[in-house]
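Have a look at the structure below before the remarks.
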Amino acid sequence: MTQFTKNVIEIIKNIPCGKVMTYGQIAKAAGSPGAARQVVRILHSMSEKYELPWHRVINSKGEIGFQDEEMFHTQKSLLISEGVEFSSNRAISLLIYLWDIEYEQS
DNA sequence: AACATGACTCATA
DNA sequence: ATATGAGCCATGT
């Protein structure tokens, strides 16, 4: 397990309930700016094994990245149940993903 | 045109 | 089978 992967997993695990983070923010916070694709890959392949709150990770536009409708609905339901508001069908309210500001200071 | 972002996809270890 | 790094490519700024 590389340090980057550990960081990514750690970061995702620490996203508080009701907040979300983007791929790019996670990659940057994990020490590899621009490695958003690796974050995607980690999420895609290891979220179950490491019990990651995958639903709290979104793309840089503040939207759910899934193309698959069923997964999309699953994620949306999970977020709503955590109190995350949506400003449109796919997009998450900007109020919620301010979390990176707190994170970058620590 | 140049750059950023990808729930990709493949080849390796 | 699992984890990692990297490349291709579409889309949007």
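In what follows, chains are A, B, ... by sequence order, proteins preceding strands, each numbered from 1.
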- What residue pairs, at least two apart or across chains, pass side chain to side chain donor-acceptor pair (under 3.5 Å) with a residue in residues 31-41 of chain A? A:Q38-A:R41
- Message: Students often get this wrong, so: under 4.0 angstrom with heavy atoms, is A:F72 touching a base, only sugar-phosphate, or nothing?
- Response: nothing
- Task: Round to the nearest Å and state the distance from A:K49 atom NZ to C:dA1 atom P.
- Result: 11 Å
- Here the distance between atom C1' of B:dT5 and atom CD of A:Q25, to the nearest Å, is 13 Å
- Whole angstrom value for the distance that separates P of C:dA3 from CD of A:E48: 12 Å
- Query: If you round to the nearest 0.5 Å, how far is CD of A:Q25 from OG of A:S60?
  - Reply: 9.0 Å
- Message: Between A:E69 and A:R90 (salt bridge meaning N to carboxylate O under 4.0 Å), is one present in this structure?
- Response: yes
- Message: Does a side-chain N or O of A:Y50 approach OP1 or OP2 of C:dT2 to a distance below 4.0 Å, or not?
- Response: no
- What is the distance from CE of A:M21 to C1' of B:dT5, rounded to the nearest Å? 16 Å
- Message: Using whole Å, what does the distance between atom P of nucleotide C:dT4 and atom CZ of A:F4 come to?
- Response: 10 Å
- Can you find a heavy atom in the side chain of A:Q75 that is under 4.5 Å from one in the side chain of A:I58? yes
Please list, pair by pair, any protein nitrogen or oxygen found under 3.5 Å from a nitrogen or oxygen in nucleotides 11-13 of chain B.
none

- What pair of heavy atoms forms the shortest contact from A:F4 to A:A35, and how long is it? CZ-CB, 3.8 Å
- Query: For A:M1, which contact category applies under a 4.0 Å heavy-atom criterion: base, sugar-phosphate, or nothing?
  - Reply: sugar-phosphate
- Message: If I take atom CD1 in residue A:I9 and atom C1' in nucleotide C:dT2, what distance separates them, rounded to the nearest angstrom?
- Response: 12 Å
- Partner residues of A:E82 under the side chain to side chain donor-acceptor pair (under 3.5 Å) criterion, sequence neighbours left out: A:H55, A:R56
- Task: Taking the side chain as every heavy atom from C-beta outward, state whether A:V57 and A:I15 have any pair of such atoms under 4.5 Å apart.
- Result: yes
- Query: Got a sec, which residues hit side chain to side chain donor-acceptor pair (under 3.5 Å) with A:T2, two or more places apart in sequence or on another chain?
  - Reply: A:T5
- Query: Residues two or more places apart in sequence or in another chain: which of them pass side chain to side chain donor-acceptor pair (under 3.5 Å) with A:S47?
  - Reply: none
Is there any protein nitrogen or oxygen under 3.5 Å from a nitrogen or oxygen in nucleotides 6-8 of chain B, and what are the pairs?
from: B:dG6; atom 1: OP1; to: A:S60; atom 2: N; distance (Å): 3.4
from: B:dG6; atom 1: OP2; to: A:S60; atom 2: N; distance (Å): 2.8
from: B:dG6; atom 1: OP2; to: A:S60; atom 2: OG; distance (Å): 3.4
from: B:dG6; atom 1: O6; to: A:R37; atom 2: NH1; distance (Å): 3.3
from: B:dG6; atom 1: N1; to: A:R37; atom 2: NH1; distance (Å): 3.3
from: B:dA7; atom 1: N6; to: A:W54; atom 2: O; distance (Å): 3.3
from: B:dC8; atom 1: OP1; to: A:Q67; atom 2: NE2; distance (Å): 3.4
from: B:dC8; atom 1: OP2; to: A:H44; atom 2: ND1; distance (Å): 3.1
from: B:dC8; atom 1: N3; to: A:R37; atom 2: NH2; distance (Å): 3.2
from: B:dC8; atom 1: N4; to: A:R37; atom 2: NE; distance (Å): 3.4

